[in-house]
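Read the structure below first, then the notes.
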Amino acid sequence: MKMIIDGKKVDSVSKETFDIIAPATGIVVDNVPKATAEDIEKAVTAAVKGQKEWEKFSVTERADVLYKFIDIVELNKESLAQTLCAENGKPITEARAEIGNIKIAFRAFAEHAKHYYGSIIPPGTEAGQENHIQMVTREPIGVVACIIPFNFPCDLYDQKVAPALMMGNAAIVLPSSDNPLTLMRLTEMLVEAGVPDGAIQCLTAPGAVKDAAVSDPRVHLVTLTGSTEVGIGTAKIAAENLTHTALELGGNDAFIVLDDGDVDLAVDELIWARMYNTGQVCCASKRFLIHNSLKDEFAEKAVAKIKALNYGDPANDETQIACLISEKAAIKVEKEVALTVEQGGKIILGGKRDGAFYEPTVIVDVPKTADVAKDMEIFGPVVPIIGFDTDEEAIEIANSSVFGLSSCVFSKDQKRAFKVARAMEAGGAVINGASFFRSFEMPFGGWKHSGIGTEGVMSTFDEMTRVKTIVLKNIID
Ligand SMILES: NC(=O)c1ccc[n+]([C@@H]2O[C@H](COP(=O)([O-])OP(=O)(O)OC[C@H]3O[C@@H](n4cnc5c(N)ncnc54)[C@H](O)[C@@H]3O)[C@@H](O)[C@H]2O)c1
Ligand SMILES: O=C[C@H](O)CS(=O)(=O)O
């Protein structure tokens, strides 16, 4: 496939390409241009021009273009899902669900934009200001670089591109080099729907080359979802130009079951929490803190439920757990599990790797001092179980992490659960459900090393606009 720069399908100036490999089979799905800093420079130049054109569209005209895009996506939804499944290795049912989300998210941002009003500070609300009206408006921020991770490329495209465009900005999409194909196709569809040249672009640049967009002073916002390490590096570069950043980063969410928690419900939720997308979810529950009186029952029931899942070929309609994004990612998980075992854990299910496939794994007796109990984010289908005795101890373990993305607690006593939820140092806390809860509407974002800012229909427009106050001086006699 080709990149989209200034409305055209193009190669890299270097003419170099790289292969996109299906992780399940090792087969090359396609190849894409290897963008250079010069390509990014061209894209930013086109974005500056395209943004000026696009901001002239009224909000309803922009919404109409996005609705046309949704129609094109719907006509192509099965082939988009097949591309996503192949390049990502996620089960086809999950790929279909992610493509299905595009219309939900794009509609929501389009409709909310129509009701995203400014405000007026009336005359006389402050002594000495009786004759003036102050109009507080929201203006496009300008050029937005959208850096997207591999795990939910379409959901995160929705979270970034729809609000960027609805606010009259130009969006430069920089997908993960592991799986850019679906996003390249979506970008082609936005161009076909009528987004002007330069206002939506997609470049396939290796990680470090993306810094050329971050450091370009003509880029006004970098919205990045990815690892904490990359997020911090990006924030440092952006600081040179005081470029705005919105950072949605890694997590190691605690899943707490108190001594009165419903174990069957918790085990049901664990499947969603830890096995969806083969464990590659930012707000997956990644540390299972189970009261010592329940941990054996929890482990036993978890093993039974996980064993019943269909594990294998992502293209098969029956598959529930498939491979990781690459063999490299699976080797990383293998090493992290080995470290957890070295630190005291015992594997009671799984623990084996085959290429990019890593078996769903349950590890018991993990001490609260182990790396996985604190700051080691395992991005795969691994359930480390850590015991505790009191609510206070569970909270202490949960908060001992540098991360603070989301969290959850199970208890039949709502007041007790609410107290624990409030004590979590995290951007979210779910009561009697997994930490993996992300609607498009809610503001989603992490505390501590899990990020800066929030994303969602309720909050992204604030990040993607600049405030301007227009004063009608002495308009009132
Ligand atoms: N908080 C959230 O909303 C959220 C959502 C999804 C994933 N994540 C996190 O993302 C991570 C997994 O995704 P990943 O492996 O794709 O992350 P990653 O950090 O390796 O890559 C994310 C994106 O950043 C790009 N990148 C890499 N180096 C860069 C650099 N030097 N400058 C600019 N961009 C660069 C990558 O090419 C990719 O597009 C996990 O830590 C996960 O928790 C967070
Ligand atoms: O990986 C974390 C993502 O935020 C999940 S979602 O696709 O946005 O819900």
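Ligands are counted one by one from 1 in listed order, and the atoms in each one are counted from 1 as well.
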Review point. Is there a protein heavy atom less than 4.0 Å away from atom 21 (O) of ligand 1?
Key: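 Given the 4.0 Å cut-off, atom 21 (O) of ligand 1 does not count as touching protein heavy atoms.
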Check your understanding: Mind checking whether F152 and Y276 have parallel, tilted or perpendicular rings, split at 30° and 60°?
Key ->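 The rings of F152 and Y276 lie parallel, inter-plane angle below 30°.
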Give a yes or no on this: more than 12 heavy atoms of other residues, nucleotides or ligands lie within 6.0 Å of atom [atom1] of [X].
X	atom1	result
K352	NZ	no
K328	NZ	no
E38	CD	no
K332	NZ	no
E111	CD	yes
F418	CZ	no

Of [options], which has the heavy atom at the shortest distance from [atom]?
atom	options	result
atom 6 (C) of ligand 1	L174, T225, V281, L405	T225
atom 34 (N) of ligand 1	G207, G251, A208	G207
atom 18 (P) of ligand 1	A213, G445, S227	S227
atom 26 (N) of ligand 1	D155, V230, L156, V214	V230
atom 9 (O) of ligand 2	Q159, R438, E98	R438

Tell me which protein heavy atom sits closest to [atom], plus the residue, atom name and distance to 0.1 Å.
atom	answer
atom 7 (O) of ligand 2	D155 OD2, 2.6 Å
atom 9 (C) of ligand 1	G226 O, 3.2 Å
atom 12 (C) of ligand 1	F379 CE2, 3.6 Å

Based purely on interatomic distance, does [X] place a nitrogen or oxygen under 3.5 Å from a nitrogen or oxygen of ligand 1?
X	result
L249	yes
D211	yes
S450	no
K210	yes
F150	yes
K286	no
I148	yes

Exam field: side chain [X] to backbone [Y], donor-acceptor pair closer than 3.5 Å:
X	Y	result
Q201	D6	yes
E455	P443	no
N241	S215	yes
D354	F357	no

Check your understanding: Which of the atoms of ligand 1 are close to E377, meaning less than 4.0 Å from one of its heavy atoms?
Key ->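 Checking each atom against E377, I get 40 (C), 41 (O), 42 (C), 43 (O).
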**Study point:** Per-atom contacts of ligand 1 with S176, taking only distances under 4.0 Å to non-hydrogen atoms
**Key:**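 That gives atoms 39 (O) of ligand 1.
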Practice item. With heavy atoms under 4.0 Å as the rule, classify the contact between F444 and ligand 1 as side chain, backbone, both or neither. Key: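 For F444, only side-chain atoms sit under 4.0 Å from ligand 1.
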Practice item. Examine the proximity of ligand 1 to C283 and report which part, side chain or backbone, both or neither, has a heavy atom under 4.0 Å away. Key: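 Near ligand 1, C283 shows nothing, with every heavy atom at 4.0 Å or more.
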Review point. Would you call K286 and E377 a salt bridge, using N to O less than 4.0 angstrom?
Key: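 E377 and K286: salt-bridged.
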Review point. Non-hydrogen atoms of R438 versus ligand 1: any pair closer than 4.0 Å?
Key: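 Within the 4.0 Å threshold, so yes.
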Exercise for review: Could you go through the ring pair (Phe, Tyr, Trp, His ring centres under 6.0 Å) check for F410 and F255 one step at a time?
Suggested key: CA-CA 8 Å; F410 291 80; F255 178 107; 4.8 Å; yes
Practice item. Provide the number and element of each atom of ligand 2 under 4.0 Å from a heavy atom of C282. Key: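 By the 4.0 Å cutoff, the relevant atoms are 1 (O), 2 (C), 3 (C), 4 (O).
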